[in-house]
Amino acid sequence: MAETGKGSKGIRASRGVALGERLTQLRRENKWTLGDVAARTGVGVSTLSKIENNQGDVTFETLMKLCDGLDLSLRHLTKGEPETFRSGARTITKRDDALIIDTAPYHFEVMSTELSRKGMIPTVVTVKARSIDDFAEMNRHPGEEFIYVVRGTLKLYTEFYQPAILEAGDSAHYDSSMQHAFVSVGPEDAVVLSVSHDSSESLSGPVGHLANLLDDAAVQ
């Protein structure tokens, strides 16, 4: 799933706390330089600087690199609430408790974000994009992704394949290391249940497509 959008203003964490502020706070708490964070996460210093200043797009891939490299759950990164997955663990996400990430092309409702040790990420995605040109680049992340169209009509773009039209009730399962993106067809925003999985355990921090998954992005 892609999530880079044009005209972004950066991601804001819950309750109006900017992602840039959280990253700055984490750096100061750990006495890290931007170079230290870049070395840990693989995110360039210039990109980190833009994030801290709430400038430009922040992709899910970048978010996931931050979570993985800093060993944080997405919720901890954005809200400062750390929790880890344990054997026998269970989490319930109530209707109004999902982590909301609103970007130019997508509106994400991310479930189970309090678990930082997990191999899959369930997300309900409302697809606002109406053209592949709405994306600066398509998304890709290690592992595999399953999507199920809950409502509306979706055009699924995947590298190496012609775009496919999916109606409500249709599903697709694909190698998420291929470039991919969703576009709504028609006046109604398509709604998709997306579940990403990475058996390499690179999702231990946040979540694969969530990592690639996340602009004018705002986590509300």
Side-chain angles (χ1 to χ4, degrees), residues 1-5 8 10-14 17-86 89 91 99 101 103 106 108 110-123 136-145 176-177 179-180 194 196-215 217-219:
M1 160 185 321
E3 65 299 305
T4 302
S8 300
I11 295 173
R12 291 176 309 202
S14 300
V17 179
L19 175 63
E21 294 175 25
R22 283 287 299 132
L23 182 57
T24 300
Q25 177 187 17
L26 287 166
R27 281 205 306 109
R28 289 174 177 171
E29 289 175 351
N30 292 278
K31 298 181 180 180
W32 292 330
T33 65
L34 286 174
D36 292 333
V37 176
R40 288 171 174 269
T41 64
V43 178
V45 170
S46 61
T47 298
L48 293 170
S49 179
K50 289 180 180 179
I51 291 174
E52 291 199 358
N53 289 286
N54 298 312
Q55 298 174 348
D57 297 342
V58 180
T59 67
F60 263 134
E61 181 176 9
T62 296
L63 280 179
M64 289 315 95
K65 285 182 177 180
L66 288 173
C67 289
D68 286 333
L70 302 179
D71 195 25
L72 302 173
S73 69
L74 184 60
R75 184 174 292 271
H76 190 193
L77 176 64
T78 59
K79 298 182 66 175
E81 300 176 3
E83 290 191 34
T84 59
F85 184 87
R86 299 177 182 176
T91 181
L99 179 63
I101 300 172
T103 74
Y106 300 134
F108 298 101
V110 187
M111 318 300 173
S112 308
T113 55
E114 69 276 16
L115 299 179
S116 63
R117 298 284 186 258
K118 55 183 175 289
M120 66 179 184
I121 295 289
T123 308
E137 59 181 354
M138 292 198 291
N139 186 48
R140 63 171 49 185
H141 48 90
E144 56 193 282
E145 183 169 359
S176 55
S177 66
Q179 291 185 347
H180 53 281
S194 169
S196 292
H197 179 267
D198 181 5
S199 59
S200 70
E201 299 183 354
S202 65
L203 299 187
S204 61
V207 179
H209 90 204
L210 215 53
N212 289 345
L213 255 170
L214 287 154
D215 71 5
V219 177

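A quick note: this is a predicted structure, and the numbers were derived from the prediction, not measured. The chain is numbered in sequence order, starting from 1.
- The minimum heavy-atom distance linking F108 with T103 is given by the pair CE1-CG2, 3.9 Å.
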Kindly determine whether T41 and L70 satisfy side chain to side chain contact (heavy atoms under 4.5 Å, CB included), including the steps that lead there. CA-CA 7 Å; T41 64; L70 302 179; 3.9 Å; yes
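- Applying the side-chain hydrogen bond (donor to acceptor under 3.5 Å, both in side chains) test to Q179 and every residue at least two apart in sequence or in another chain returns nothing.
- Tested against E145, the residues S177, S176, S194 include a single side chain to side chain donor-acceptor pair (under 3.5 Å) partner, S194.
- The two residues R27 and L34 make their nearest non-hydrogen contact at NE-CD2, 3.6 Å.
- Within the model, atoms OG1 of T47 and NZ of K65 stand 8.5 Å from one another, a figure rounded to the nearest 0.5 Å.
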Decide yes or no on side-chain hydrogen bond (donor to acceptor under 3.5 Å, both in side chains) for E29 and Q25, but give the supporting numbers first.
CA-CA 6 Å; E29 289 175 351; Q25 177 187 17; 3.2 Å; yes
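- Between the CD atom of E21 and the CG atom of N53 there is a distance of 11.0 Å, given to the nearest 0.5 Å.
- Under the 4.5 Å side-chain criterion, counting only non-hydrogen atoms from C-beta, I51 is in contact with L66.
- Using modelled atom types, no side-chain atom of S49 and backbone atom of V45 make a donor-acceptor pair closer than 3.5 Å.
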